[in-house]
Amino acid sequence: MKPNLDQLLAQANQQPLPKLEGLEDRVWAQIARHSPVNVETATWRLKAAMISGALALGLAVGGATAAAAAGQASKEISAFGARIDLAPSTLLEGIG
């Protein structure tokens with residue numbers, strides 16, 4: 001059988017009140033025990049990892065884009081060539 005609320009309040013009334021002196025220091029000490037040792041170091045490591053990942057992704061995408069652009073730029077464009085990609089005759093024929 002569970003004690004009712006009146007019994008619990010009567011028991012709580014008989015106990016001495018806890019001292020509030022040094023309570024804040026005890027709370028901060030307990031928080032310090034459960035928190036990571038170097039939160040600042042962990043934060044900087046996470047930021048450095050994110051920046052490194054973004055840089056690597058940017059280099060990969062930029063390199064792939066530059067390689068694709070270099071492959072297309074290697075086509076010879078000449079005003080007197082046999083085939084000019086933007087000439088009206090080439091565009092009308094659908095060759096290109």
Side-chain angles (χ1 to χ4, degrees):
M1 180 172 126
K2 293 183 181 179
N4 64 14
L5 184 59
D6 292 329
Q7 291 173 345
L8 292 173
L9 288 173
Q11 288 175 357
N13 194 20
Q14 293 172 358
Q15 295 177 357
L17 293 175
K19 299 288 182 191
L20 297 179
E21 294 174 10
L23 176 65
E24 185 177 358
D25 295 332
R26 292 191 308 258
V27 168
W28 282 114
Q30 189 168 359
I31 289 172
R33 277 194 302 250
H34 294 293
S35 66
V37 177
N38 291 328
V39 175
E40 192 71 27
T41 304
T43 303
W44 280 107
R45 286 181 184 167
L46 179 63
K47 288 178 183 178
M50 290 173 29
I51 290 171
S52 299
L55 182 62
L57 182 64
L59 288 174
V61 170
T65 304
Q72 291 178 353
S74 65
K75 293 181 183 177
E76 184 179 338
I77 298 176
S78 172
F80 301 106
R83 181 166 174 233
I84 301 172
D85 287 340
L86 297 178
S89 59
T90 307
L91 294 174
L92 291 173
E93 286 181 18
I95 303 171

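Everything quoted here is computed from the prediction, not taken from an experiment. The figures here come from the full heavy-atom set of this structure, side chains too, leaving out hydrogens, waters and symmetry mates. Numbers here are sequence positions counted from 1.
Other residues sharing a hydrophobic cluster with Leu20 under the 4.5 Å side-chain heavy-atom criterion for ILVMFWY residues are Leu23, Val27, Trp28, Ile31. Taking a 4.5 Å side-chain heavy-atom cut-off between Ile, Leu, Val, Met, Phe, Trp and Tyr, the cluster of Leu9 extends to Leu5.
Annotation: the span from Arg26 atom CZ to Lys19 atom NZ amounts to 11.5 Å, rounded to 0.5 Å.
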